[in-house]
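Input: a single structure, listed below in C-alpha cells.
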Amino acid sequence: MNINETLRAFIQQAFQEIFGKKVENIALQATKKEFEGTHTLVVFPFSKELGEKPADIAQKIGNFLVEKCPIVEKCNAVQGFLNISLKKTAWLLVAKQLSEKKHFSLPAKNLKVVVEYSSPNTNKPLHLGHLRNIFLGFSISRMFSAYGYQVHKTQIINDRGIHICKSMLAYELFGKGETPDSSGLKGDHLIGKYYVMFDKLYKEQVQKLIAEGLTEEEAEKRAEAIQKAQEMLVKWEKGDSQVVELWKKLNGWVYEGFNATYAKLGVNFDSVYYESDTYLLGKDIIQEGLEKGIFYKKEDGSIWIDLTAEGLDHKLVLRADGTSVYITQDLGTADLRYKHHQMDKMIYVVGNEQDYHFKVLFLILKKLGRGYADGLHHLSYGMVELPTGKMKSREGTVVDADDLIEEVIGLAKAKTLEKMQAARTESSFSEVEKEKLFEMIGLGALKYFLLKIDPHKKILYNPEESVNFEGDAAPFIQYTHARIRSVLRKAQENNTNASWENYANLHSIEITLIYQLAEYANALQNAVEKYAPYILAQYVYELCKIFSIFYAECPILKAENAEAMQFRLLLCELTAETIKQGMYLLGIDVPEKM
RNA sequence: GGUUCCGUAGCUCAACUGGAUAGAGCAACUGCCUUCUAAGCAGUAGGUUACAGGUUCGAUUCCUGUCGGAAUCACCA
C-alpha cells in the first residue's frame, strides 16, 4: 500500500462523485506541525472551477474520505486546507512494509551515467575547493547508483600545459634532485612548492623589468622565467625526451600524492583520462562542423561559431595556427566518452565559473546532432570562500586539503576524548577503534559541512566555526546512529520476540517517525532529480531530530509492555538503517558506538 | 556595458517548485543526567524575506524595475 496513492485515488473519486468533475494532479503536502493530521489537501485551486467556497469543498471531500476511505481516521477542514489523519492500523501497515527494506535501492534501470569530478591540475596539491567538488561528485555517483543507474566515475587530469612547465622549470633550477622521500613531503606538496617558487621568481623578474621601464604587460611577457617555461612546453609537445622524462617523474609524484588524499577521503574512480592523451582531440569535429556549416572560418584561418541567435557571442573553436583551445578538446573528449561508454547521462562536476563554457559546449554538440547531447549535465557549484575573501593558490590564501583533513580529525579527537572522559567510556574502545572513530567523525563533519549546502550557492568557510560537532552536523547524526545501535545491542541480550501487530497505543511522535522513514524514497528521488545531495543531508538530519524526540519521550527497553517494546525496536532498527543508507549516499560512515 | 547566479534572524543555512502564523543550527538566556549514550531533550528571545511595483483567493518562490555581491563575456585551462 502506498498512502499517497491511496489518498489520491479516493480524493479523485470524491471529486467525481460529489462534483462530477475529473481532477488530475492532486497535490498532497505534509501537514504543518500546529495542525492535527499528517496529510493536507489544498483545495483553493478547485474553488473557481467548482463555483463553491474552498471551506465547503474541503468539508465535503473530508466527509467522503472519512466515510469511504479505509485508511482515513478523521478530516479537519481549515479554510481551504483539508487536514487528514490516518488510522493507526494504516501506520502499522506502513511500518510493516518498511520492515521489508525494499525501498533502499531501486531496481536497475538499464541506464548508464558517467560522472566526472575532481579533475585537478598536476602542479599543486588539492585544496578546499577540490573537496567540495570531490564530495559532490562522489555523493552524486552513489545517489544515482542507489536510484538504479549504472554509474561510471571518472576524472580528467590536467597534466599538461604551461602551468606544469612552471613547476618543472623551478624544479630544474632549484630542485637539486629532491624527491618526496628525501624531502619528506607528499609528492603533490613537493611540486606545489616549486610552483610557488616559480611564481616568486617570475614576479621578481617582472618587477625588475618594470623598474627598467617596461610596461606591466610587456614585462609579464618578456620575463625570462615565463619564456623558459614556454620553451619547455614547446619541447614537451615535440616529444623532447629529457623534458618528457622530467614531466613523467614529477607527475608520477603528484599522482601518488593525490591518491593518498583520495584514499584518506574514501573516494575513488573507475577510470582516469589524461589531457596529455586528449588535448589533440576534437579537430576532426571542427572539420565536421565546417562542412555542416555550423562553424565558419575567418580570414586569418581561425574557426568560429556564431551563437548570437542563442543570445551568446561568437566563440573561437580553433586557433588560426590550427591548434586547439579548451573547447576543442572538450568536444573531442565528449565524443570519446560516448564511444567508451554509450552513456545515457553524463554529469560534469565543475565550478560555476565555467557555466558559460558548458552552456556553449552542450549547445555546439547539440547543433552537431550528437544524440547524447541531451543527456549532458553540468553540475555547477559555487566557490568556497574564506572570511578574508577568495582563495587564490598563488597568493597562498588556499586551505590545503591535507592540512584541513588533519585539522578536522584533530578536532574530532579532542572533542571525542573529552566526551569519553565525561562518560567514562574511553576504556571500552581499543586504540585502533579510537583512531578509526576520530577519523570517521572528523571527515564526516567536513563532508557534511560541504554537502549540506545547495551546490549552486557559494560557501563561506570560517576555520573557527564552520566544522560543527553539534546540531545540524554529521557528528549528531553519527551519534544518533550509535545510540540506536547501543539500544539494539542491549535488546539482543534479552531478546524477546513479541509480536507488535496489535500494538494500539501509537504515540504521535511514533507516527511522525514512521512518516519520515517512509519519506526516504521521496528524498532520494528529489535529490537525484535535482542533482542535490543537500536534500538527502537535510532529510537525514530531520530524521535524527525526530528520532531524538522519540528517544526522549518513549522508553524502548522499558516500554509499557512487550509489544510496545518490540514495535519501538523495529522503529529503532529502521531508523538506524535509514541513517546508515542516507549517510552512505553522502559518502559518510557512521559508527556502531561513540 | 551584455549575460548568468546570489541577497531570508547577529552568524551559517532551509522552506517539498505558488499555500496556513517563513523554519533549523550556531551564538545568548532558562530548565532536564541514581532510568535505554546529555554530541541529546524541553523552553525564551531573535524577521518589513535587499528595496519598489505587478500578476491572484494567496508571493521568500513567478514578472518588471532599482540597489548590493559574485562569476563570465580570452587565440588560459
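Chain identifiers are assigned alphabetically (A, B, ...) following the order of the sequence lines, protein sequences preceding nucleic acid strands; residue numbering begins at 1 within each chain. Since the structure is predicted, the reported quantities are computational estimates derived from the model, not experimental observations.
Nucleotides B:A52 and B:U12 are separated by 23 Å at their P atoms, to the nearest Å. Here the separation of B:A39 from B:C57, taken at their C1' atoms, is 47 Å to the nearest Å. Distance noted for atom C1' between B:C16 and B:G31: 34 Å (whole Å). Nucleotides B:G7 and B:U49 have their P atoms positioned 14 Å apart, rounded to a whole Å.
A salt bridge is defined here as a Lys NZ or Arg NE, NH1 or NH2 lying under 4.0 Å from an Asp or Glu carboxylate O, and A:Glu470 with A:Lys415 meets this definition.
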Pairs under 3.5 angstrom only: tabulate donor-acceptor contacts from the side chains of residues 45-58 of chain A to other protein residues two or more places apart or in another chain.
residue: A:Ser47; atom: OG; partner: A:Glu52; partner atom: O; Å: 2.8
residue: A:Glu52; atom: OE1; partner: A:Lys60; partner atom: NZ; Å: 3.0
residue: A:Glu52; atom: OE2; partner: A:Lys60; partner atom: NZ; Å: 3.2

Show every donor-acceptor pair shorter than 3.5 Å between a side-chain atom in residues 476-484 of chain A and any protein atom, with sequence neighbours excluded, or say none if there are none.
residue: A:Gln478; atom: NE2; partner: A:Met440; partner atom: O; Å: 3.1
residue: A:Gln478; atom: NE2; partner: A:Asp589; partner atom: O; Å: 2.9
residue: A:Tyr479; atom: OH; partner: A:Arg483; partner atom: NE; Å: 3.4
residue: A:Thr480; atom: OG1; partner: A:Phe476; partner atom: O; Å: 2.7
residue: A:His481; atom: ND1; partner: A:Pro591; partner atom: O; Å: 2.8

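Within the 4.0 Å cut-off from OP1 or OP2 of B:G23, not a single side-chain nitrogen or oxygen of A:Lys32 is found. In this structure, A:Ser548 does not reach the B:G40 phosphate: none of its side-chain N or O atoms is under 4.0 Å from OP1 or OP2. Neither OP1 nor OP2 of B:U37 sits under 4.0 Å from any side-chain N or O of A:Arg424. Within the 4.0 Å cut-off from OP1 or OP2 of B:C57, at least one side-chain nitrogen or oxygen of A:Lys48 is found.
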Could you go over nucleotides 25-32 of chain B and give all protein N or O partners under 3.5 Å, atom names and distances?
residue: B:G25; atom: O2'; partner: A:Asp472; partner atom: N; Å: 3.4

- Message: I need a per-nucleotide contact map over nucleotides 72-77 of chain B, read 5' to 3'. Cutoff is protein heavy atoms under 4.0 Å; write B for the base, S for backbone only, - otherwise.
- Response: SS-BSB
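Side-chain atoms of A:Asn468 and A:Tyr448 form no donor-acceptor pair, as typed in the model, at a separation below 3.5 Å.
Remark: A:Lys415, A:Thr416, A:Lys419 in residues 410-422 of chain A come within less than 4.0 Å of RNA chain B through at least one heavy atom.
Applying the 3.5 Å distance criterion, the base of B:A20 shares a donor-acceptor pair with the side chain of A:Asn83. For A:Lys530 against B:U17, a side-chain N or O and a base N or O form a donor-acceptor pair under 3.5 Å.
Across A:Thr122, A:Val254, A:Ile164, a single residue satisfies side chain to side chain contact (heavy atoms under 4.5 Å, CB included) together with A:Ile191, and that is A:Val254. A:Arg568 pairs with exactly one of A:Glu563, A:Glu560, A:Glu553, A:Glu573 by the salt bridge (Lys or Arg N to Asp or Glu O under 4.0 Å) rule, that one being A:Glu560.
Taking a centre distance below 5.5 Å and an interplanar angle below 30 degrees as the stacking criterion, A:Phe44 stacks against the six-membered base ring of B:G19.
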- Pairing annotation in dot-bracket form, given for RNA chain B with Watson-Crick or G-U pairs under 3.5 Å and | for cross-strand partners: (((((((..((((.....[...)))).(((((.......))))).....(((((..]....))))))))))))....
